[in-house]
Amino acid sequence: MINWNDIEKQLIEFLKNQLSKTGLSKVTVGLSGGLDSAVVAVLCKKAFKENIKCVLMPSQFSSKSSVEDAKNLCETFSIDYEIVDITPMINAYIDKMDNDKLRIGNYSARVRMSVLYDISSRDSSIVVGTSNKSELLLGYGTIFGDIACAINPIGEIYKSDEFEFAKYLNVIDEIINKKPSADLWENQTDEEELGYTYKQMDDALKLLVDEKKTKEEIVSLGHDDKLVDMLKYRIKANEFKGKLPIIANIKWS
């Protein structure tokens with residue numbers, strides 16, 4: 001059993017310490033109506049009281065419930081928020097993307113992060129990230145989009161475990177019970193796109209990453225070999241997303 005009370009204390013201390021190092025006093029969180037950003041928003045509310053601003057950034061591809069659930073969460077926890085509709089920004093470039101869902105989704109994620117950083121500049125705040133460990137390991141996020149942030153309190157928490165953490169934090173049921181989705185296009189869900197449930201992936205990831213077991217060992221424990229292959233491939237192929245740009249090491253003569 002995970003001691004969520006201890007985890008909560010650690011993460012609140014982390015948030016406070018990291019913000020204090022910047023000399024600033026406020027944080028900005030992009031709130032999608034999904035589990036990850038809800039958990040981060042509640043943690044930030046506990047850590048910073050009134051010094052958190054959540055930003056809801058719907059587009060023409062967002063589900064109606066995403067905005068409603070995000071607003072409900074903010075009202076439940078008395079979190080200040082504003083809504084920035086990014087539809088006009090998407091429409092300004094969408095004709096260039098050949099109706100490619102992935103390109104449109106990635107572009108939307110980068111537009112949202114641009115908005116967040118502009119608001120953080122306006123408010124003299126820092127942007128707090130909302131990517132969980134499962135997403136970061138699998139590269140299931142947009143580089144310079146939703147992965148971008150100044151600090152991230154949940155990057156070491158697997159998605160399947162995060163549901164229990166959300167319950168502990170009293171995140172509203174509407175958010176806990178919905179299917180995980182990046183909300184990049186209509187009816188998009190993470191698990192359908194990835195081909196497995198987060199529980200299936202996380203159980204194998206914990207063996208592969210945390211316990212350093214081989215594929216053969218993981219399969220012998222009852223996990224699907226195609227799942228393990230997919231996880232290994234995605235971890236390797238998307239490793240670059242978690243690194244800073246590589247700068248050439250010049251040997252000056």
Side-chain angles (χ1 to χ4, degrees), residues 1-8 10-11 31-43 63 65-66 69-70 73 101-102 105 109 129-142 145-147 152-239 241-242:
M1 292 291 291
I2 298 173
N3 184 341
W4 290 118
N5 180 258
D6 181 60
I7 299 298
E8 177 191 24
Q10 288 185 54
L11 295 183
L31 192 62
S32 67
L35 188 77
D36 302 317
S37 60
V39 167
V40 171
V42 173
L43 286 171
S63 63
S65 65
S66 65
D69 292 342
L73 181 87
K101 285 185 176 180
L102 183 59
T130 61
S131 294
N132 60 65
K133 186 171 185 175
S134 309
E135 293 171 339
L136 293 175
L137 283 172
L138 299 176
Y140 195 66
T142 302
D146 51 311
I147 292 176
N152 181 346
I154 64 167
E156 280 295 312
I157 302 177
Y158 285 101
K159 180 76 172 196
S160 56
D161 292 329
E162 198 180 359
F163 287 94
E164 287 300 319
F165 192 27
K167 290 177 183 177
Y168 167 82
L169 293 172
N170 292 316
V171 169
I172 60 175
D173 290 341
E174 292 89 343
I175 289 177
I176 292 175
N177 295 332
K178 71 168 61 173
K179 291 183 178 180
S181 172
D183 208 30
L184 297 178
W185 55 81
E186 189 175 0
N187 298 321
Q188 181 263 339
T189 66
D190 297 353
E191 293 174 332
E192 184 176 333
E193 192 175 354
L194 289 164
Y196 297 90
T197 68
Y198 273 113
K199 183 70 166 63
Q200 289 173 314
M201 291 185 288
D202 287 351
D203 285 350
L205 279 172
K206 289 174 183 179
L207 296 170
L208 183 64
V209 176
D210 299 344
E211 299 186 28
K212 310 297 183 187
K213 292 190 180 296
T214 65
K215 174 187 173 181
E216 290 72 25
E217 290 173 318
I218 297 170
V219 171
S220 72
L221 292 170
H223 297 275
D224 180 52
D225 64 333
K226 291 182 180 179
L227 166 61
V228 181
D229 285 338
M230 182 274 282
L231 296 176
K232 292 184 68 169
Y233 170 78
R234 289 195 68 110
I235 289 171
K236 184 67 176 176
N238 292 292
E239 189 177 15
K241 291 185 178 182

Visitor: Might you work through the side chain to side chain contact (heavy atoms under 4.5 Å, CB included) test for Leu221 and Lys213, ending with a clear yes or no?
Guide: CA-CA 11 Å; Leu221 292 170; Lys213 292 190 180 296; 4.2 Å; yes

Visitor: Val39 versus Asn132: any side-chain heavy-atom pair under 4.5 Å?
Guide: no

Visitor: Can you name the nearest heavy-atom pair linking Ile218 to Ala204, along with the distance?
Guide: CD1-O, 4.2 Å

Visitor: Do Asp202 and Asp161 make a side-chain contact, defined as non-hydrogen atoms from C-beta onward lying under 4.5 Å apart?
Guide: no

Visitor: Is Asp203 salt-bridged to Lys199, cutoff N-O under 4.0 Å?
Guide: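 Salt bridge flag = yes for Lys199 with Asp203.
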
Visitor: Measuring from Asn170:CG to Asp173:CG, what's the distance to the nearest 0.5 Å?
Guide: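 One finds 9.5 Å between CG of Asn170 and CG of Asp173.
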
Visitor: Measuring from Ser37:OG to Ile175:CD1, what's the distance to the nearest 0.5 Å?
Guide: 7.0 Å

Visitor: Rounded to the nearest 0.5 Å, how far does OH of Tyr196 lie from CG of Leu231?
Guide: 8.0 Å

Visitor: Tell me the closest heavy-atom pair linking Ile147 and Gly141, and the distance in Å.
Guide: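 For Ile147 and Gly141, the tightest heavy-atom pair comes out as CD1-C, 3.7 Å.
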
Visitor: Is it the case that the side chain of Lys241 and the backbone of Gly139 share a donor-acceptor pair, with hydrogens and angles ignored and the cut-off at 3.5 Å?
Guide: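 Pair found, side chain donor or acceptor close to backbone of Gly139.
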
Visitor: Which heavy atom in Asp69 sits nearest to a heavy atom in Gly33, and how many Å separate them?
Guide: CB-O, 4.2 Å

Visitor: Would you say the side chains of Tyr198 and Glu162 form a donor-acceptor pair under 3.5 Å?
Guide: no

Visitor: Identify the heavy atoms of Pro153 and Leu11 that sit nearest to each other, and give their distance.
Guide: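 Nearest pair, atom of Pro153 first, then Leu11: O-CD2, 3.0 Å.
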
Visitor: To the nearest 0.5 angstrom, please state how far the CG atom of Leu136 sits from the CD1 atom of Ile157.
Guide: 11.5 Å

Visitor: Side-chain contact test, heavy atoms from C-beta onward, threshold under 4.5 Å: evaluate it for Ser131 versus Asp36 and give yes or no.
Guide: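 Result no, sub-4.5 Å side-chain heavy-atom pair not found.
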
Visitor: For residues Met201 and Leu138, determine if any side-chain heavy atom of one lies less than 4.5 Å from a side-chain heavy atom of the other.
Guide: yes

Visitor: What closest approach, in Å, do Ser32 and Ser66 show between heavy atoms, and which atom pair accounts for it?
Guide: O-CB, 3.3 Å

Visitor: Quick check for you: to the nearest 0.5 Å, what is the distance between Asp146 atom CG and Glu135 atom CD?
Guide: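 The CG atom of Asp146 sits 7.0 Å away from the CD atom of Glu135.
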
Visitor: Mind checking whether Leu208 and Ile235 have side chains closer than 4.5 Å, heavy atoms only?
Guide: yes

Visitor: Should Gln200 and Glu191 be marked as a side chain to side chain contact (heavy atoms under 4.5 Å, CB included) after you check the CA-CA gap, both sets of side-chain angles, and the distance that decides it?
Guide: CA-CA 10 Å; Gln200 289 173 314; Glu191 293 174 332; over 6 Å; no

Visitor: For Tyr168 and Asn5, which I'm curious about, is there any donor-acceptor pair between the side chains at under 3.5 Å?
Guide: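 Yes, side-chain donor-acceptor contact under 3.5 Å.
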
Visitor: Hey, what do you get for NZ (Lys159) to OH (Tyr140), rounding to the nearest 0.5 Å?
Guide: 9.5 Å

Visitor: Can you list everything that forms a ring pair (Phe, Tyr, Trp, His ring centres under 6.0 Å) with Phe165? Sequence neighbours excluded, please.
Guide: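 So Phe165 forms a ring pair (Phe, Tyr, Trp, His ring centres under 6.0 Å) with Trp4.
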
Visitor: Below 4.5 Å, heavy atoms only, C-beta onward: do Val42 and Val40 meet side chain to side chain?
Guide: no

Visitor: Suppose we screen for salt bridge (charged side-chain N to carboxylate O under 4.0 Å, His left out). Which residues come up paired with Lys215, at least two apart in sequence or across chains?
Guide: Asp229

Visitor: Which atom names give the shortest non-hydrogen contact between Ile176 and Phe163, and what distance separates them?
Guide: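 What the structure gives for the nearest pair is O-CE2, 3.5 Å.
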
Visitor: Do Asn3 and Ile7 come within less than 4.5 Å of each other through their side chains, counting heavy atoms only?
Guide: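 No, every pair of side-chain atoms sits at 4.5 Å or beyond.
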
